[in-house]
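Okay, so here's the structure we're looking at.
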Amino acid sequence: MYKLIFSLLLFVFFLFSACGSNSDSHEHADNQRTEHSPRETASTNIPAKFRSQLSNAVSVYFQLKDALVTADSKLALEKAGALKTALSNIDMGELPSDLLEHWKENLSDLQDKIAAQVSQSDIEAQRAAFSPLSESLAHCVEEFGPLDMTVYVQHCPMANDNAGGDWLSDKKEVFNPYFGEGMMYNCGSVKKTFAQK
């Protein structure tokens with residue numbers, strides 16, 4: 001008799017445990033749908049003109065990256081200034097209000113990072129400032145893309161005194177802006193790809 005009662009209690013316990021676990025997985029699935037929905041909705045609401053102008057700004061960033069690869073500090077300074085101008089000239093007037101506020105936050109962050117970039121004339125200091133700028137711009141490409149070109153996020157684990165560093169590129173082949181031409185020229189790998197629209 002006791003064995004029967006014990007078996008029934010055990011069965012009820014496992015039944016409730018399974019139900020709880022199942023509801024957790026449904027809740028997790030619902031959360032995932034909620035997380036992805038805003039970005040999918042947002043990307044369909046971004047005007048083509050805005051995307052095109054952001055694409056142009058990212059193209060200027062690629063020129064900055066190439067200047068760091070060739071260790072041309074004067075050109076890097078010039079391209080950092082051009083990137084600042086390109087981002088400032090993006091017309092945000094047609095963005096929906098929720099995206100407009102989101103873009104303004106991202107733009108403010110980018111402007112801070114570019115200010116740090118344009119204040120450096122030494123190549124090593126420029127490379128150090130390039131890392132946080134790259135991370136912020138990668139975030140914007142992810143949030144406000146897809147762009148007019150495929151963008152590769154590349155990573156070098158040895159950049160920034162082995163702390164690692166990311167950058168964006170329009171080429172799949174790695175040309176490392178943190179070390180430039182020399183032994184570490186091709187050090188790195190593609191971490192993520194943002195496909196062209």
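Count residues from 1 along the sequence.
Considering all non-hydrogen atoms of both residues, Ile90 and Ala57 come closest at CD1-CB, 4.4 Å. Here the shortest heavy-atom pairing between Gln120 and Ala116 reads CG-O, 3.3 Å. When all heavy atoms are compared, the tightest approach of Asn45 to Pro96 is O-CD, 3.6 Å. Nearest heavy atoms, Ile46 versus Gly145: CD1-O, 4.5 Å. Residue Ala138 comes nearest to Val153 through the heavy atom pair CB-CG2, 4.5 Å, listed as atom of the first residue, atom of the second, then distance.
Partners of Glu124 according to the side chain to side chain contact (heavy atoms under 4.5 Å, CB included) rule, which considers only residues two or more places apart in sequence or in another chain, are Asp122, Arg127. Every salt bridge (Lys or Arg N to Asp or Glu O under 4.0 Å) that Asp91 has, sequence neighbours left out, goes to Lys49. Under the side chain to side chain contact (heavy atoms under 4.5 Å, CB included) criterion, Thr85 pairs with Asn89, sequence neighbours left out. A search for side chain to side chain donor-acceptor pair (under 3.5 Å) contacts involving Asn160 returns Ser131, not counting sequence neighbours. In this structure, the side chain to side chain contact (heavy atoms under 4.5 Å, CB included) partners of Ala76, at least two apart in sequence or on a different chain, are Leu64, Ala67, Leu68, Gln126. Residues satisfying the side chain to side chain donor-acceptor pair (under 3.5 Å) criterion with Gln63, sequence neighbours excluded, are Lys79. Annotation: side chain to side chain donor-acceptor pair (under 3.5 Å) contacts of Lys113 (sequence neighbours excluded): Asp109, Ser136. In this structure Glu94 satisfies the salt bridge (Lys or Arg N to Asp or Glu O under 4.0 Å) test with no other residue, sequence neighbours excluded. With sequence neighbours left out, Gln111 forms a side chain to side chain contact (heavy atoms under 4.5 Å, CB included) with Ser88, Leu107.
In Met149, the CE atom is crowded: over 12 heavy atoms of neighbouring residues, nucleotides or ligands sit closer than 6.0 Å.
Follow the hydrophobic side-chain contacts under 4.5 Å out from Trp167 and you reach Val118 in the same cluster.
Between atom CG of residue Asp66 and atom CG of residue Asp72 there is a gap of 11.0 Å, rounded to the nearest 0.5 Å. Residue Leu77 holds its CG atom at 10.0 Å from NZ of Lys74, rounded to the nearest 0.5 Å. Between atom CZ of residue Phe179 and atom CE of residue Met158 there is a gap of 5.5 Å, rounded to the nearest 0.5 Å. Rounding to the nearest 0.5 angstrom, the gap separating the CG atom in Leu99 from the CG atom in Asn106 is 10.5 Å. Taking CG from Asn176 and NZ from Lys65, the interatomic distance works out to 10.0 Å, rounded to the nearest 0.5 Å. Rounded to the nearest 0.5 Å, atoms OG (Ser119) and CD1 (Ile114) are 12.0 Å apart.
Evaluation of the ring pair (Phe, Tyr, Trp, His ring centres under 6.0 Å) test over residues 78-98, restricted to residues two or more places apart or in two chains, returns none. For residues 48-88, every residue pair satisfying the ring pair (Phe, Tyr, Trp, His ring centres under 6.0 Å) rule, not counting sequence neighbours, is listed here: Phe50-Trp103, Phe50-Phe144, Tyr61-Phe130.
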Let me check something: any side-chain donor-acceptor pairs from residues 182-197 under 3.5 Å, sequence neighbours excluded? List them with distances.
unit_1: Asn186; atom_1: ND2; unit_2: Val174; atom_2: O; d: 2.7
unit_1: Lys191; atom_1: NZ; unit_2: Asp166; atom_2: OD2; d: 2.7
unit_1: Gln196; atom_1: NE2; unit_2: Asp148; atom_2: O; d: 3.0

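Under a 3.5 Å cut-off, the side chain of Ser59 and the backbone N or O of Ser55 do form a donor-acceptor pair. In this structure, the side chain of Gln154 engages the main chain of Lys172 through a donor-acceptor pair within 3.5 Å.
In this structure the side chain of Leu147 reaches within 4.5 angstrom of the side chain of Leu54, judged on heavy atoms. Within the 4.5 Å cutoff, the side chain of Pro157 has heavy atoms near those of the His155 side chain. The side-chain heavy atoms of Leu110 and Leu133, taken from C-beta on, include a pair separated by under 4.5 Å.
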